[in-house]
Structure formats: C-alpha cells, structure tokens
Amino acid sequence: QVQLVESGGGLVQAGGSLRLSCAASGTIRFISAMSWYRQAPGKQRELVAVITREGSTHYADSVKGRFTISMDNAVHTVNLQMNNLKPEDTAVYYCNANVVTWTRASAYDYWGQGTQVTVSS
C-alpha cells in the first residue's frame with residue numbers, strides 16, 4: 001500500500017505565498033509522476049500541475065507563472081510553490097501519485113487526504 005501525506009496549506013492574503021508538500025510512503029518501486037489537483041466548493045476537481053519522473057512539467061493556464069512544481073525522486077516527495085496567490089486559488093488541494101509498487105504489476109493512482117488553501121482578498 002501507498003500513503004500520501006500533504007502539508008503546508010493555510011490562510012494567506014492575496015498576493016502572498018504558500019508552499020505545499022506531499023510525501024509518499026509504502027511499498028513503492030518507483031513513481032512515474034506526481035501531481036497537484038484542487039477542488040473549490042461547487043466545482044469539479046481540476047489539475048493544477050504535474051511533474052514526471054524525468055522532470056517534465058505541465059501547469060494549468062490559470063497558475064502558469066505563479067506556481068512551481070518540483071519532485072525529489074529519492075524521497076518520493078512533491079512540492080508546490082504558490083506565489084502571487086489570488087482569491088480564486090482558494091480550494092482543497094490534493095496530491096496524486098502514479099505509483100508502481102513491489103506488489104502490483106501495473107501503475108496505480110494514489111491520493112492524499114487534501115489540504116485547505118484559503119486566499120483572502
């Protein structure tokens with residue numbers, strides 16, 4: 001089994017910064033990609049940013065130039081540096097990892113519990 005634990009959410013004023021972290025643990029053989037999603041009240045969960053094992057990244061248009069995703073393969077962690085935050089960034093942020101374990105032949109998506117980010121105007 002694989003567990004993802006997020007940290008770093010909180011309340012910040014518009015224009016401020018927060019750094020989210022997510023640590024994966026368990027029977028991990030390797031992680032092919034890690035991502036951050038978010039879900040605002042009454043809205044569908046959306047992809048914020050993804051980073052592959054090789055270091056390729058992709059961002060939602062709404063966060064390009066403000067958010068930076070990074071991954072440390074050695075310790076199975078992913079970070080999301082969020083700068084110039086806006087009230088519309090308010091949401092629960094979820095970590096996702098596409099993991100190949102030692103007990104399962106194919107990759108599988110695992111999710112964290114979520115961390116609240118609130119940006120006040």
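For the numbers below, each heavy atom of this structure counts, side chains included, while hydrogens, waters and symmetry mates do not. Keep in mind that what you see is a predicted model, and the values were worked out from it rather than measured.
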>> Membership question, hydrophobic clusters at under 4.5 Å side-chain separation (ILVMFWY): are Phe67 and Met34 in the same one?
In response: yes
Donor-acceptor pair, side chain of Glu6 and main chain of Gly114, under 3.5 angstrom
yes
Between Arg66 (side chain only) and Asn84 (backbone N and O only), is there a donor and an acceptor less than 3.5 Å apart?
yes
query = What class does the angle between the rings of Tyr94 and Trp111 fall in, given that below 30° is parallel, 30 to 60° is tilted and above 60° is perpendicular?
reply = perpendicular
Check your understanding: Does the Thr77 side chain pair with the main chain of Cys22, one donor and one acceptor, at a distance under 3.5 Å?
Key -> no
Taking a hydrophobic cluster as the set of Ile, Leu, Val, Met, Phe, Trp and Tyr residues connected by side-chain heavy atoms closer than 4.5 Å, whether directly or through intermediates, do Val5 and Val78 fall within one such cluster? no
Check: salt bridge (Lys or Arg N to Asp or Glu O under 4.0 Å) between Lys64 and Asp61: does it pass, once the steps are laid out?
Finding: CA-CA 5 Å; Lys64 280 181 183 176; Asp61 287 343; 3.1 Å; yes
With a 4.5 Å cut-off on side-chain heavy-atom distances among I, L, V, M, F, W and Y, is there a chain of contacts connecting Leu85 to Val92? no
Hydrophobic clustering (ILVMFWY, side-chain heavy atoms < 4.5 Å, transitive) - are Val63 and Val50 grouped together?
no
Problem - Check: Tyr59 side chain, Ile69 main-chain N or O, donor-acceptor pair, under 3.5 Å - result: yes
Q.
Looking at Glu54, I want to see if its CD is surrounded by more than 12 non-hydrogen atoms of other residues, nucleotides or ligands under 6.0 Å.
A. yes
In this structure, CD1 of Ile31 is separated from OG1 of Thr101 (nearest 0.5 Å) by 11.0 Å
Taken to the nearest 0.5 Å, the spacing of Met71 CE from Arg53 CZ works out to 7.5 Å
State whether the number of non-hydrogen atoms from other residues, nucleotides or ligands found under 6.0 Å of Glu46 atom CD is greater than 12. yes
* When clusters are formed by joining ILVMFWY residues with side-chain heavy atoms under 4.5 Å apart, either directly or through shared neighbours, do Tyr37 and Tyr110 land in the same one? -> no
| said: We want to know whether Gln81 and Asn83 form a side-chain donor-acceptor pair, criterion being a heavy-atom distance below 3.5 angstrom. | reply: yes
